[in-house]
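What you see below is based on every heavy atom in this structure, not just the backbone, and it leaves out hydrogens, waters and symmetry mates. Quick caveat: nothing in here was measured; it's all calculated off a predicted structure.
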Amino acid sequence: MKKSLSLVLAAAVLMTGLFSGCAKKSETKDSKKLTKETMKVGFVYIGVKNDGGYSEAHERGRQAVEAMGIKTAVVESISDSDTAACEKAIHDLIDQGCNVIYTNSFGYMEATMNCAKEFPNVYFGHCSSDATLPNMCSYFGKMYQARYLAGIVAGKNTKNGKIGYVAAFPIPECIRMLNAFTLGVKSVNPDATVEVIWTNTWYDPAIEKQGALELLNRGCDVIEQHQDTTAPQVAAQEKGALCLGYNVPTPNAAPKAYLTAPIFDWPVFYTSNVQAILDGTWEGKHYWLPASTGIAKLDKLTDLCAPGTQEAVDAVAAKMMKDEFEPFTGPVYDNEGNLKIAAGEKMADKDIWNMMWYVDGVIVK
C-alpha cells in the first residue's frame with residue numbers, strides 16, 4: 001500500500017474515533033508519556049472486591065495504586081466464562097478514561113487480548129496467563145512456593161494423615177499448586193495423602209462448601225483450598241476439623257479451625273508495574289514473580305498449630321526467600337510411581353507453568 005493512502009486511512013480512523021461516542025484509542029505511548037495526573041487505572045474482577053479471597057487480594061493492590069496519587073476504577077463480578085461481558089467491562093473502563101487496564105482472572109485472557117489489539121495505545125495486564133502483546137503484559141506470583149510452606153503446616157497438623165483440597169479447575173495453575181502443597185505435606189509427613197475435589201468454579205460459596213464437606217465426610221481432618229471464598233474454611237470449622245485459607249488472611253472466618261494461608265501481596269506487583277509505565281521502562285512481557293519478591297507468602301500461624309510447626313516452616317522459608325530452595329527438585333515421582341524429576345534436578349519454569357500431572361500422594365476421585 002502506498003504511503004499516501006496509508007496516511008489517508010490513518011486520518012479517517014482518527015476522525016472516526018474523535019466523533020464516536022464509544023471508547024477511543026489514546027495517543028501512542030511513545031508520543032505522550034503518562035503521568036500520575038494523566039493516568040487512570042482500571043481493574044476487572046471476577047468477584048466482589050470484599051469477597052474475603054481472590055478479588056479482595058487484588059483490591060488491596062488497587063488501593064495501593066490509588067495511594068500513589070493515581071485515579072482508579074473497578075468493575076466487579078464479571079464472569080470469566082463470558083468473553084463478551086469482559087470486553088464490555090474493559091470498554092466501559094476505557095470510556096471512563098482508563099488508559100491502563102488489569103484483568104484478574106484466567107478466563108479473561110481472550111477478552112483482554114482482543115481489547116489490547118483494538119486499543120494498541122492502552123496498557124493492559126492479564127493475571128495468571130503467560131500471553132503477551134506489545135501493549136499487554138501477563139503476571140502472576142509463584143504461589144506454589146507459598147503452597148509448599150502451607151503443605152508443611154498441614155502435614156504437621158493432620159492427625160490421621162488425610163488432608164482434603166478443594167480446587168477450582170484441573171488446569172496447570174491449580175495442579176502445580178496442589179502438587180507443591182502435597183510435596184510440602186510429605187516433607188514432614190511422608191505417609192500422608194492429599195485428596196482433591198475439583199469444583200469447576202472459581203467463585204461459588206455453595207459449591208465450594210459442598211466440596212469441603214464431601215472431603216470431610218471421607219475422613220479428611222485438614223482442608224486446604226484453591227477457591228475464591230472462605231466457604232471451605234467455614235465447612236471445616238462446622239465439622240470440627242482444621243483449615244488453611246487462600247489469597248488473604250482470614251482468621252476470623254473460621255477462628256476455631258484456621259491455621260494459616262498462602263497469600264498474595266498484590267501491591268508488590270501493581271505498584272511496581274504502574275511505576276514502570278510512569279518511568280517509561282514498562283514491557284509487554286510475562287512476569288512470574290518468586291516468593292522472594294514478597295508477592296507470595298504465608299500468613300502468620302495461629303495458636304492452633306501444633307508445636308514445631310513454626311520451626312519447620314521457618315527452616316524452609318529462610319532458604320526460599322534467598323531463592324535457595326525450589327519445591328520441584330528431584331527426586332519427584334508422580335502418583336503412578338513414575339520418576340518425573342531426577343534426583344538433584346530442578347524443574348524448569350516452563351515445565352512447572354504447564355504442569356498437568358500429579359505428584360505422589362495426590363488422590364483424585
K.L.:
Apply side chain to side chain contact (heavy atoms under 4.5 Å, CB included) to residues Tyr45 and Tyr203 and explain how you reach the verdict.
P.N.:
CA-CA 11 Å; Tyr45 296 162; Tyr203 184 93; over 6 Å; no

K.L.:
Using the salt bridge (Lys or Arg N to Asp or Glu O under 4.0 Å) rule, take Lys162 and Asp221 through it: C-alpha gap first, then chi angles, then the decisive distance, then the call.
P.N.:
CA-CA 6 Å; Lys162 295 185 66 173; Asp221 63 355; over 6 Å; no

K.L.:
Using modelled atom types and a 3.5 Å cut-off, is there a donor and acceptor pairing between side-chain atoms of Thr271 and backbone atoms of Pro267?
P.N.:
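It does hold such a pair.
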
K.L.:
Which distance, rounded to the nearest 0.5 Å, do you find between the OG of Ser129 and the CZ of Phe106?
P.N.:
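Reported to 0.5 Å precision, the distance equals 7.0 Å.
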
K.L.:
Assess whether salt bridge (Lys or Arg N to Asp or Glu O under 4.0 Å) is satisfied between Lys49 and Glu56, documenting all intermediate values.
P.N.:
CA-CA 5 Å; Lys49 60 187 178 183; Glu56 185 171 319; over 6 Å; no

K.L.:
Hey, can you pull the donor-acceptor pairs under 3.5 Å for the side chains in residues 233-242, sequence neighbours left out?
P.N.:
| from | atom 1 | to | atom 2 | distance (Å) |
| --- | --- | --- | --- | --- |
| Gln233 | OE1 | Thr250 | OG1 | 2.7 |
| Gln233 | NE2 | Gln225 | OE1 | 3.1 |
| Gln237 | OE1 | Lys256 | N | 2.7 |
| Glu238 | OE1 | Lys209 | NZ | 3.2 |
| Glu238 | OE2 | Lys209 | NZ | 2.9 |

K.L.:
In Å and rounded to the nearest 0.5 Å, what is the CE to CD distance from Met347 to Glu345?
P.N.:
8.5 Å

K.L.:
NZ/Lys365 to CD1/Ile363 distance, rounded to the nearest 0.5 angstrom?
P.N.:
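Here the rounded value is 6.5 Å.
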
K.L.:
Walk me through whether Met177 and Tyr165 qualify under side chain to side chain contact (heavy atoms under 4.5 Å, CB included).
P.N.:
CA-CA 11 Å; Met177 292 202 204; Tyr165 197 103; 3.9 Å; yes

K.L.:
If you look at every heavy atom in Gly280 and Lys33, which pair is closest and at what distance?
P.N.:
N-CE, 4.2 Å

K.L.:
Quick one: closest heavy-atom pair of Met136 and Thr112, and the distance?
P.N.:
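Smallest interatomic distance, heavy atoms only, reads SD-CG2, 4.0 Å.
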
K.L.:
For the side chain of Asn114 and the backbone of Met109, is there at least one donor-acceptor N/O pair under 3.5 Å apart?
P.N.:
no

K.L.:
Side-chain contact test, heavy atoms from C-beta onward, threshold under 4.5 Å: evaluate it for Glu173 versus Phe140 and give yes or no.
P.N.:
yes

K.L.:
Would you mind listing the cluster partners of Leu339? Hydrophobic ones only (ILVMFWY), side-chain contacts under 4.5 Å, chaining allowed.
P.N.:
Tyr333

K.L.:
Taking the six-membered ring of Tyr246 as reference, does the NZ or CZ atom of Arg147 fall below 6.0 Å from its centre and within a 45° cone about the axis?
P.N.:
yes

K.L.:
Can you check whether Gly219's main-chain N or O pairs, donor with acceptor, with Asn160's side chain at less than 3.5 Å?
P.N.:
yes

K.L.:
Between the side chain of Asn104 and the main-chain N/O of Ile46, is any donor-acceptor distance below 3.5 Å?
P.N.:
yes

K.L.:
Please report the closest heavy-atom contact between Cys115 and His91, naming both atoms and the distance.
P.N.:
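Result for this residue pair: SG-CD2, 4.0 Å.
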
K.L.:
To the nearest 0.5 Å, what is the distance between OH on Tyr270 and CD on Glu59?
P.N.:
10.5 Å

K.L.:
I'd like to check Trp282 versus Tyr123 (side-chain heavy atoms, cut-off strictly below 4.5 Å). Are they in contact?
P.N.:
yes

K.L.:
Does the Asp360 side chain pair with the main chain of Gly337, one donor and one acceptor, at a distance under 3.5 Å?
P.N.:
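No; zero donor-acceptor contacts below 3.5 Å.
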
K.L.:
Do Ile263 and Trp266 sit in the same hydrophobic cluster, where Ile, Leu, Val, Met, Phe, Trp and Tyr count as joined when their side-chain heavy atoms come under 4.5 Å apart?
P.N.:
no

K.L.:
Supply the members, apart from Val248, of the Ile/Leu/Val/Met/Phe/Trp/Tyr cluster built from side-chain contacts under 4.5 Å; use none for a lone residue.
P.N.:
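None; Val248 is a cluster of one.
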
K.L.:
May I ask you to decide if Asp204's main-chain N or O and Glu208's side chain share a donor-acceptor pair within less than 3.5 Å?
P.N.:
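A pair under 3.5 Å: yes.
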
K.L.:
Between Lys350 and Asp130, is the closest basic N to carboxylate O distance under 4.0 Å?
P.N.:
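Result for this pair is no, no salt bridge flagged.
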
K.L.:
Distance alone, cut at 3.5 Å: any donor-acceptor contact between the side chains of Ser138 and His286?
P.N.:
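Checked: Ser138/His286 side chains pair up, N/O donor to acceptor below 3.5 Å.
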
K.L.:
Using distance alone, with no hydrogens and no angle criterion, decide if His58 and Tyr102 have a side-chain donor and acceptor under 3.5 Å apart.
P.N.:
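No - no donor-acceptor pair under 3.5 Å links their side chains.
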
K.L.:
Contact between Lys297 and Pro262 at the side-chain level, heavy atoms closer than 4.5 Å - yes or no?
P.N.:
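No, side chains not in contact.
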
K.L.:
Tell me, please, which residues at least two apart from Glu110 pass side-chain hydrogen bond (donor to acceptor under 3.5 Å, both in side chains).
P.N.:
none

K.L.:
Would Phe269 and Tyr287 count as a ring-ring contact (aromatic ring centres under 6.0 Å, His included) if you check the C-alpha gap in whole Å, the side-chain angles of each, and the deciding distance to 0.1 Å?
P.N.:
CA-CA 9 Å; Phe269 170 76; Tyr287 298 86; 5.8 Å; yes

K.L.:
Running the 4.5 Å side-chain criterion over Ile, Leu, Val, Met, Phe, Trp and Tyr, what cluster does Leu213 land in, apart from itself?
P.N.:
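When side chains under 4.5 Å apart are linked, the cluster holding Leu213 also contains Val166, Ile197, Leu215, Leu216, Ile223.
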
K.L.:
To the closest 0.5 Å, what do you measure between OG1 (Thr182) and CD (Glu195)?
P.N.:
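Nearest 0.5 Å value for the OG1-CD distance: 11.5 Å.
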
K.L.:
Distance-only, no hydrogens or angles: does the Tyr108 side chain make a donor-acceptor pair with backbone N or O of Ile78 under 3.5 Å?
P.N.:
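Checked: pair present.
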
K.L.:
Restricting to pairs with a member in residues 317-334, which pass salt bridge (Lys or Arg N to Asp or Glu O under 4.0 Å), not counting sequence neighbours?
P.N.:
none

K.L.:
If two hydrophobic side chains count as joined below 4.5 Å and joins carry through other members, does Leu183 share a cluster with Met355?
P.N.:
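Shared cluster, yes.
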
K.L.:
Taking side chain to side chain donor-acceptor pair (under 3.5 Å) as the criterion, tell me which of Asp299, Asn252, Thr302 meets it with Tyr258.
P.N.:
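Testing each of Asp299, Asn252, Thr302 against Tyr258, the sole residue satisfying side chain to side chain donor-acceptor pair (under 3.5 Å) is Asp299.
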
K.L.:
Might you work through the side-chain hydrogen bond (donor to acceptor under 3.5 Å, both in side chains) test for Ser79 and Ser81, ending with a clear yes or no?
P.N.:
CA-CA 5 Å; Ser79 170; Ser81 61; 2.8 Å; yes

K.L.:
Are any side-chain N or O atoms of Asn179 and backbone N or O atoms of Val359, one a donor and one an acceptor, separated by less than 3.5 Å?
P.N.:
yes

K.L.:
Spell out, yes or no, whether Phe169 and Ile207 are grouped together once hydrophobic residues are joined by side-chain heavy atoms under 4.5 Å, including indirect joins.
P.N.:
no

K.L.:
Closest heavy-atom contact between Leu244 and Glu224?
P.N.:
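Smallest interatomic distance, heavy atoms only, reads O-OE1, 2.9 Å.
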
K.L.:
Nearest heavy-atom pair of Val48 and Ser77: which atoms, and what distance?
P.N.:
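That closest heavy-atom pairing would be CG1-OG, 3.3 Å.
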
K.L.:
CG of Asn99 to CD1 of Ile277: how many Å apart, nearest 0.5 Å?
P.N.:
8.0 Å

K.L.:
Verify salt bridge (Lys or Arg N to Asp or Glu O under 4.0 Å) between Lys142 and Asp349, making sure each step is shown before the conclusion.
P.N.:
CA-CA 10 Å; Lys142 289 189 174 181; Asp349 271 4; 3.1 Å; yes

K.L.:
Is a side-chain N or O of Lys40 found less than 3.5 angstrom from the main chain of Gln96, in a donor-acceptor match?
P.N.:
yes

K.L.:
Could you tell me which non-hydrogen atom of Val222 sits nearest to which non-hydrogen atom of Ala154, and how far apart they are?
P.N.:
CG1-CB, 4.1 Å

K.L.:
Set out, in order, the CA-CA distance, both residues' side-chain angles and the distance that settles salt bridge (Lys or Arg N to Asp or Glu O under 4.0 Å) for Lys71 and Glu37, then state yes or no.
P.N.:
CA-CA 8 Å; Lys71 293 179 181 178; Glu37 291 70 32; over 6 Å; no

K.L.:
For Ser55 and Gly47, indicate whether the former's side chain and the latter's backbone hold a donor-acceptor pair under 3.5 Å.
P.N.:
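Such a contact is found between Ser55 side chain and Gly47 backbone.
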
K.L.:
Go through the steps to decide whether Leu278 and Met39 satisfy the test side chain to side chain contact (heavy atoms under 4.5 Å, CB included), and finish with yes or no.
P.N.:
CA-CA 9 Å; Leu278 295 173; Met39 178 184 285; 3.6 Å; yes

K.L.:
Please walk me through it: do Tyr54 and Trp202 pass side chain to side chain contact (heavy atoms under 4.5 Å, CB included)?
P.N.:
CA-CA 9 Å; Tyr54 184 71; Trp202 293 110; over 6 Å; no

